[in-house]
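Below is one structure, written out as structure tokens; comments come after it.
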Amino acid sequence: MSGSRQKPAPTKHSKTEGQSVVPDSVELETKVSPSQSRARNTFETILSIAGTLLSEVGFERLSTNMICKRAGLTPPALYRYFPNKYAILHELGRRLMEAQDEAVFAWIHDGGLNTQTFEETVASTLGLQKEVNEITRAFPGGAWVLRVMRVIPALKEVRLESRELVAKEVLDALRETLPDIAEDRLVTATRLTIELMFSATEMAIEEPEQEDNITQEVCFLVASYHDRLRQSP
């Protein structure tokens, strides 16, 4: 986090799925990184309440004034840490992606990619997919955080950086488990499966009544792909 304010770039505007106008370029960094206990509590309260309100009223209606009212804070107290609601959403998005990523890294470390059969790959992938879904569902405002990261240009980078970080770790692991596969093919396989699995999580969160079907199907697809890679000459 940066302790100094950066001058925001000229603001352009776009719409979120045909709704209200939002800026393409806006200041996203937190103003102050809290160090004392009371300041950290305030910082965390702002984020927690923002996530809760996001679930209740959605992105369009969410405002810093609304967050302040629910948190019992004055606007200056909030603006000490966040310059606008987009900076709050940026921090929420960063934390959600970090939580998802850590689950993937732990899965890799525990041998999640070291499977030998189609059935083993399905079971291993299913365990990871369910965990990531649960992390997202339990995160304050998780579904809305995913939505705004998809549609607001200024926040898309958080999502893209997460995918790149995960891709690097998965690729390193696949080089060991599939040493005979050409590098360019491994890179493509990694990118495709990561996008597929994260997209499935987004679908599952948006359509909870279909979550089991979506999760099962994406795991079958990923396992089939990896099984084909294993059998490649």
Side-chain angles (χ1 to χ4, degrees), residues 17 92-139 141-152 155-233:
E17 298 179 329
L92 286 172
R94 187 193 67 77
R95 291 186 178 202
L96 175 55
M97 293 296 96
E98 186 176 83
Q100 290 183 348
D101 295 350
E102 288 300 325
V104 178
F105 300 153
W107 175 76
I108 294 171
H109 182 268
D110 292 340
L113 286 166
N114 298 329
T115 56
Q116 301 301 318
T117 67
F118 173 80
E119 289 75 17
E120 287 178 0
T121 305
V122 170
S124 178
T125 308
L126 188 61
L128 173 63
Q129 195 70 18
K130 287 182 176 180
E131 182 178 1
V132 171
N133 289 357
E134 182 56 36
I135 287 169
T136 307
R137 184 166 38 248
F139 192 88
W144 270 100
V145 173
L146 289 181
R147 290 173 194 150
V148 297
M149 284 194 296
R150 282 201 308 267
V151 300
I152 297 179
L155 299 178
K156 285 183 179 179
E157 281 302 312
V158 178
R159 186 171 177 267
L160 294 176
E161 287 175 5
S162 167
R163 300 297 185 267
E164 290 175 3
L165 189 61
V166 170
K168 181 182 181 301
E169 295 294 325
V170 172
L171 181 59
D172 287 345
L174 285 179
R175 288 192 184 108
E176 296 182 10
T177 59
L178 299 169
D180 298 326
I181 304 299
E183 178 73 5
D184 59 345
R185 191 176 183 192
L186 273 185
V187 170
T188 300
T190 299
R191 292 177 60 192
L192 286 172
T193 53
I194 287 171
E195 286 299 326
L196 185 60
M197 292 177 72
F198 278 113
S199 294
T201 288
E202 293 176 356
M203 288 179 63
I205 297 301
E206 292 286 355
E207 304 174 46
E209 71 283 358
Q210 292 295 320
E211 180 174 349
D212 288 344
N213 290 336
I214 292 168
T215 303
Q216 287 280 354
E217 288 301 317
V218 74
C219 292
F220 279 125
L221 287 171
V222 171
S224 297
Y225 193 12
H226 281 212
D227 197 47
R228 182 179 177 186
L229 287 174
R230 277 195 294 264
Q231 295 175 24
S232 297

* Apply side-chain contact (heavy atoms from CB on, under 4.5 Å) to Glu202 and list each qualifying residue two or more places apart in sequence or on a separate chain. => Leu146, Arg150, Arg159, Arg163

* For Thr193, what residues pass the side chain to side chain donor-acceptor pair (under 3.5 Å) criterion, not counting sequence neighbours? -> none

* Asked: What pairs with Ile108 under side-chain contact (heavy atoms from CB on, under 4.5 Å), at least two apart in sequence or on another chain?
  -> Val104, Leu113, Glu169, Val170, Ala173

* To do: Not counting sequence neighbours, which residues clear side chain to side chain donor-acceptor pair (under 3.5 Å) with Gln210? List them please.
  => Asn213

Name every donor-acceptor pair, under 3.5 Å, that has one atom in a side chain of residues 122-135 and the other anywhere in the protein, sequence neighbours excluded.
from: Ser124; atom 1: OG; to: Trp107; atom 2: NE1; distance (Å): 3.0
from: Ser124; atom 1: OG; to: Gly112; atom 2: O; distance (Å): 2.7
from: Thr125; atom 1: OG1; to: Thr121; atom 2: O; distance (Å): 2.7
from: Gln129; atom 1: NE2; to: Met197; atom 2: O; distance (Å): 2.8
from: Gln129; atom 1: NE2; to: Thr201; atom 2: OG1; distance (Å): 3.1
from: Asn133; atom 1: OD1; to: Thr201; atom 2: OG1; distance (Å): 2.8
from: Asn133; atom 1: ND2; to: Glu211; atom 2: OE2; distance (Å): 3.3
from: Asn133; atom 1: ND2; to: Thr215; atom 2: OG1; distance (Å): 3.2
from: Glu134; atom 1: OE1; to: Arg137; atom 2: NE; distance (Å): 3.4
from: Glu134; atom 1: OE1; to: Arg137; atom 2: NH2; distance (Å): 2.8

* Pairwise salt bridge (charged side-chain N to carboxylate O under 4.0 Å, His left out) hits with a residue in residues 96-113, at least two apart -> Arg94-Glu98

* In chain order, what residues pass the side-chain contact (heavy atoms from CB on, under 4.5 Å) check against Glu183, with sequence neighbours excluded? -> Leu171, Arg175, Val187

* For Glu209, salt bridge (charged side-chain N to carboxylate O under 4.0 Å, His left out) partners two or more places apart -> none

* With sequence neighbours excluded, tell me which residues meet side chain to side chain donor-acceptor pair (under 3.5 Å) with Asp227. => Arg230, Gln231

* Asked: Do Phe105 and Leu165 come close enough that some side-chain heavy atom pair is under 4.5 Å?
  -> yes

* **With sequence neighbours excluded, residues passing side chain to side chain donor-acceptor pair (under 3.5 Å) with Glu161** => none

* Partner residues of Glu119 under the side-chain contact (heavy atoms from CB on, under 4.5 Å) criterion, sequence neighbours left out -> Thr117

* Asked: Arg95 versus Phe139: any side-chain heavy-atom pair under 4.5 Å?
  -> yes

* To do: Begin with the C-alpha distance, continue with both residues' side-chain angles, and end with the deciding distance and a verdict on side-chain contact (heavy atoms from CB on, under 4.5 Å) for Leu192 and Leu196.
  => CA-CA 6 Å; Leu192 286 172; Leu196 185 60; over 6 Å; no

* Partners passing salt bridge (charged side-chain N to carboxylate O under 4.0 Å, His left out) against Lys168 (at least two apart in sequence or in another chain) -> Asp172

